Amino acid sequence: MSSRGRFITLEGGEGAGKSTLARRLKDALEASGHSVRLTREPGGTPAAEALRSMILSPPDGVTFTPLVEALLFYAARRDHLERLIRPALSTGVWVISDRFSDSTRAYQAAAGGALGEEIETLERLCVGSSGPDLTLILDLPLDAASGRVRARGEGLDAIEGRGEPYHARVREAFLEIARREPQRCVVLDASLSPEALCERALEAIDQRLGAS
Ligand code: Z5A
């Protein structure tokens, strides 16, 4: 029987370089002999991707209260865990997810309002002990992040458009999560080049999980 895989999550604000790092880590870990599954939140399974569209690009005139938005993220997350993450880990595959529960803590709870208790209840119900083995938090000043997003030339989704004070609270919330859970979280300087950032991430994976 193969040993359980490892569950790594990448967190941070928009434009921090999570997707770019995820692809590089997959290549590097596969070159070290691991099977790796890249995935993302919200999304990763057909049901969760359908919920992603509903949350990030709601039909005209549709808005969600903060609690309903959090419930939608957790509905997507539970499907993602049941149908993709847990089955992959149980067959020895390493899973790298571009965002997971810390995003709900940072965006919906810390930046969005006073939903901390409700979100921790949802976390216990939907995730329980299936949380990540390691979380890499990519930290980048807001002006650098928005420059990268602008350079991409795409429109803003429902959450990206929430303004600078909101995104400043998100950044601080991720750093606070890392201070609270230093065993699980490592903060990385996302202003490094993609190559240097990937090297730092691999060092953290090696130190925390062994055998990168
Ligand atoms: N959300 C939430 O509110 N609650 C939740 O529970 C969850 C999510 C799970 C998902 O958006 C939105 O959902 C997100 C949070 C919310 N909204 N916001 N804000 P998404 O999945 O569409 O997008 P994102 O997660 O915000 O990622 P992103 O904007 O695509 O950025 P990224 O993945 O971190 O960066 P990237 O695509 O790798 O790179 C961005 C650009 O920078 C690109 O042109 C790269 O070539 C460049 N880049 C990347 N790395 C570097 C480095 N190291 N140096 C220089 N340039 C770089």
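Heavy-atom basis, side chains included; hydrogens, waters and symmetry copies ignored. Heads up: numbering here begins at 1 and tracks the sequence. In this text the structure is predicted, and so the values were computed from the model without any measurement.
A donor-acceptor pair under 3.5 Å links the side-chain atoms of R148 to the main chain of G15, judged by distance alone. The backbone N or O of P42 lies less than 3.5 Å from a partner atom in the side chain of R52, making a donor-acceptor pair. Put simply, the side chain of K18 gets close to the backbone of G13: a donor and an acceptor are under 3.5 Å apart.
Here the CG-CG distance, from L188 to L140, works out to 12.0 Å after rounding to the nearest 0.5 Å. Rounded to the nearest 0.5 Å, atoms CD1 (I119) and CG (L71) are 9.0 Å apart. Going from atom CG of D102 over to atom CD of E181 covers 6.5 Å, rounded to the nearest 0.5 Å. Note: I85 CD1 to S130 OG = 8.5 Å, rounded to the nearest 0.5 Å. Between atom CZ of residue F64 and atom CD of residue Q108 there is a gap of 11.5 Å, rounded to the nearest 0.5 Å. For the atom pair R23 CZ and D98 CG, the distance stands at 9.0 Å (nearest 0.5 Å).
C126 and L81 get closest at one heavy-atom pair: O-CD1, 3.5 Å. The two atoms that bring T39 and G44 nearest to each other are OG1-CA, 3.3 Å, heavy atoms only. Of all heavy-atom pairs between A173 and A110, the closest is CB-CB, 3.4 Å. Looking at every heavy atom in both residues, T45 comes nearest to H80 through CG2-CA, 3.8 Å. The two residues D79 and A48 make their nearest non-hydrogen contact at OD2-N, 4.0 Å.
The side-chain heavy atoms of L125 and Y74, taken from C-beta on, include no pair separated by under 4.5 Å. Side-chain contact between L89 and R86 is absent, with no heavy-atom pair separated by less than 4.5 Å. Inter-residue side-chain proximity for D189 and R200 is flagged as unmet; no heavy-atom pair is nearer than 4.5 Å. Side-chain atoms of L25 and C198, non-hydrogen and from C-beta on, do get closer than 4.5 Å to each other. Contact of the F174 side chain with the D139 side chain is not registered, since no non-hydrogen atoms from C-beta on lie closer than 4.5 Å. Using a 4.5 Å heavy-atom threshold, the side chains of I177 and R184 count as touching.
Open room surrounds CZ on R37; 12 or fewer heavy atoms of other groups in view lie less than 6.0 Å from it. Around CZ of R208, the count of heavy atoms belonging to other residues, nucleotides or ligands within 6.0 Å exceeds 12. The number of heavy atoms from other shown groups lying within 6.0 Å of CZ (R162) is above 12.
Under the 4.5 Å side-chain heavy-atom criterion for grouping Ile, Leu, Val, Met, Phe, Trp and Tyr, L38 is connected to L134 within one hydrophobic cluster. Hydrophobic clustering of Ile, Leu, Val, Met, Phe, Trp and Tyr side chains at less than 4.5 Å, counting indirect connections, keeps I55 apart from L67. Taken together through direct or relayed side-chain contacts under 4.5 Å among Ile, Leu, Val, Met, Phe, Trp and Tyr, V62 and L56 form part of one hydrophobic cluster. Residues L209 and V93 do not share a hydrophobic cluster, defined by chaining ILVMFWY side chains whose heavy atoms lie under 4.5 Å apart. Hydrophobic clustering of Ile, Leu, Val, Met, Phe, Trp and Tyr side chains at less than 4.5 Å, counting indirect connections, keeps L175 apart from L142.
For the side chain to side chain contact (heavy atoms under 4.5 Å, CB included) with S101, the qualifying choice from E11, R77, E41, E120 is R77, the only one to do so. Each of L136, L138, T20 was scored for a side chain to side chain contact (heavy atoms under 4.5 Å, CB included) with L197, with one residue passing: L138. A side chain to side chain contact (heavy atoms under 4.5 Å, CB included) with T9 is found for one member of D133, V95, T135 and no other, namely T135.
With sequence neighbours excluded, the residues forming a ring-ring contact (aromatic ring centres under 6.0 Å, His included) with F7 are F100, listed by chain and number.
Ion pairing of R179 with E172 is present here, as a side-chain N (NZ or NE/NH1/NH2) and a carboxylate O approach within less than 4.0 Å. Ionic pairing of R24 and E195 is present here: one or more N-O contacts between side-chain nitrogen and carboxylate oxygen are shorter than 4.0 angstrom. Contact check on R40 versus E49 returns a salt bridge, with a Lys/Arg side-chain nitrogen under 4.0 Å from an Asp/Glu carboxylate oxygen. Between K26 and E30, at least one side-chain N (NZ, or NE/NH1/NH2) sits under 4.0 Å from a carboxylate O, which counts as a salt bridge.
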The test is side chain to side chain contact (heavy atoms under 4.5 Å, CB included); show your working for H34 and R6 and say whether it passes. CA-CA 10 Å; H34 298 292; R6 296 287 184 275; over 6 Å; no
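Between Y107 and H167, the ring planes are perpendicular. Angles over 60° get that label, and only those under 30° would be called parallel.
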